[in-house]
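Notes follow once the structure below has been shown.
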Amino acid sequence: MDLYDNTGNLVQPLTDGDSHNISSSKFPSLLGSNGCDFLLSSTAQAAQVKVSDLEGKVIGLYFSANWYPPCRNFNNLLVGVYEQLKSNGCNFEVVFVSSDEDLGAFNGYRESMPWLSIPYSDLETKKALNRQFDVEGIPCLIILQPDGSTLHDGVELIYKHGVEAFPFTKEKLEELQREERMKHESQTLTNLLTNPARDYLLDPTLTNKVPVDSLIGKTVGLYFSAQWCVPCAKFTPKLISIYQKIKQNMEEKGGNEDFEIVFLSYDRDQSGFVSYYGAMPWLALPFGESTIRNLAKYFDVQGIPCLIIIGPDGKTVTKQGRNLINLYQENAYPFTDAKLELLQKEMEEEAKRLPRTDYHAGHRHELTLVSEGNGGGPFICCDCDEQGSGWAYQCLGCGYEVHPRCMRAVDPEKTGLVEDR
């Protein structure tokens, strides 16, 4: 399919799945319409900036909106990266492409931005840019290089690498990938959880210091969470229960295996951390340490709660610990591929003994047993509100889904749960 800018000029088509080339001479026609050849500045000294002034710079087209929380969260991060790059003298500029609902929201959101913006009234340019770069979700950061090449995953790069991603070239990203591979290959529990000033963790009393080295040889879960986070408040009690069951099972079996969790707080202040951690039976990093931010970046944590599993050898087993706990509870331990394969086989065998259709106490329509191979897939259980995968009971009419374990079978005639005809 041919691609055009908002003046009708043909632009080079996509060259691969992540980027395509646009002649730098096309920037003015991309970022301005016939009636608007300027951008709004964040400074009072220069209210307007000519689009042509951006030629020769690395540009980040920032598609965002004030009404969407993930945009506001990313905006705070991008502001820090932008200001650091500018203070370092980097030839970089960001241009805000608004999806706000009205001018007031646009102006209010723009007050937090130190960069340029396409005028709210320039609807023609905003629509053209969304079409040009096939923007399907926000926040979205498209990187335009002076040589005309583009990169579509700017948000991911900022989250993962921050200022280190600049100048966002193919060569720079390959260098970062090599460095990341080397870090993961040399990863140990000690270099993950210690720093030059600290070689210990805190226990729930907040007074005892537990050496990090005492965890070597154990399976360890790194739990990113916060008291203010509603999903965290729901998941933490479940994780505490599962943790205690895993520890109990180990005591009953004997042997040298052990499991531990380390809390990495996303709380907003020390009091929130102390209050939240007070209910947890495991270890924690001290509140506010830069190690927490570094680990979140290292493991690409983009949402909480998040449970990263580290194996006895100090290497990452899985980043999907939360999902595995939801799916298999204490049986998920030790979270290895071999254990998950065994659990999936057991689930397949169990499904063979389940009724193909049934009625659930929480829904009036008949539910059908489905799997990923026949209409199922990842879902959120409508009964327990936790993630599911594999087998599910699904309403083929309205999409209602529950885990097989959450099914509370009822007689529809006796309970009045008769399907609409």
Atom pair [atom1] ([X]) and [atom2] ([Y]), whose distance is rounded to the nearest 0.5 Å:
| X | Y | atom1 | atom2 | value |
| --- | --- | --- | --- | --- |
| L324 | I242 | CG | CD1 | 12.0 Å |
| F63 | S98 | CZ | OG | 11.0 Å |
| L367 | T357 | CG | OG1 | 9.0 Å |
| Q320 | N326 | CD | CG | 11.0 Å |
| I158 | K297 | CD1 | NZ | 9.5 Å |
| Q227 | D269 | CD | CG | 8.5 Å |

Indicate whether any N or O donor in one side chain lies under 3.5 Å from an N or O acceptor in the other, for [X] and [Y].
| X | Y | result |
| --- | --- | --- |
| S225 | Y276 | yes |
| D300 | Q302 | yes |
| T205 | T207 | yes |
| N195 | E289 | yes |
| T125 | D122 | yes |

Is there side-chain contact between [X] and [Y], with at least one heavy-atom pair below 4.5 Å?
| X | Y | result |
| --- | --- | --- |
| R408 | D383 | yes |
| I310 | T219 | no |
| I118 | L129 | yes |
| P334 | K339 | yes |
| N91 | V58 | no |
| E330 | I246 | yes |
| S265 | Y277 | no |

Backbone of [Y] reached by a side-chain donor or acceptor of [X] within 3.5 Å:
| X | Y | answer |
| --- | --- | --- |
| K218 | E257 | no |
| K126 | Y120 | yes |
| S117 | P119 | no |
| Q145 | P167 | yes |
| T316 | T318 | no |
| R198 | P196 | no |
| N88 | Q84 | yes |
| D153 | E156 | no |
| N191 | S186 | yes |
| S275 | G272 | no |

Distance flag, aromatic centroids of [Y] and [X], threshold under 6.0 Å:
| X | Y | result |
| --- | --- | --- |
| W115 | F96 | no |
| F74 | Y159 | yes |
| F263 | W282 | no |
| Y328 | Y333 | no |
| Y359 | H365 | no |

State plainly whether the residues [X] and [Y] are in salt-bridge range, i.e. N to O under 4.0 Å.
| X | Y | value |
| --- | --- | --- |
| E175 | K172 | yes |
| R181 | E185 | no |
| D203 | K209 | no |

Minimum heavy-atom separation for [X] to [Y], with atom names?
| X | Y | value |
| --- | --- | --- |
| L141 | V155 | N-CG2, 3.5 Å |
| G137 | C140 | O-CB, 3.4 Å |
| I240 | M280 | CD1-CA, 4.4 Å |
| V212 | T190 | CG1-CA, 4.2 Å |
| Y109 | Y62 | OH-OH, 3.4 Å |

Run the numbers on F379 and H403 for ring-ring contact (aromatic ring centres under 6.0 Å, His included), then give the verdict.
CA-CA 9 Å; F379 65 96; H403 295 119; 5.4 Å; yes
Tell me, with the steps shown, if L222 and L307 meet side chain to side chain contact (heavy atoms under 4.5 Å, CB included).
CA-CA 6 Å; L222 303 182; L307 183 65; 6.0 Å; no
Under the side chain to side chain contact (heavy atoms under 4.5 Å, CB included) criterion, do N75 and C71 qualify, and how do the steps go?
CA-CA 6 Å; N75 194 73; C71 288; 6.0 Å; no
Derivation and outcome, side chain to side chain donor-acceptor pair (under 3.5 Å), residues Q248 and Q244:
CA-CA 6 Å; Q248 181 180 348; Q244 292 170 337; over 6 Å; no
Test applied, side-chain hydrogen bond (donor to acceptor under 3.5 Å, both in side chains); reference residue, Y298; option that passes from K160, R293, H184:
H184
Could you give me the CA-CA distance, side-chain angles and deciding distance for Y200 and T194, then say whether side chain to side chain donor-acceptor pair (under 3.5 Å) is met?
CA-CA 7 Å; Y200 61 86; T194 64; over 6 Å; no
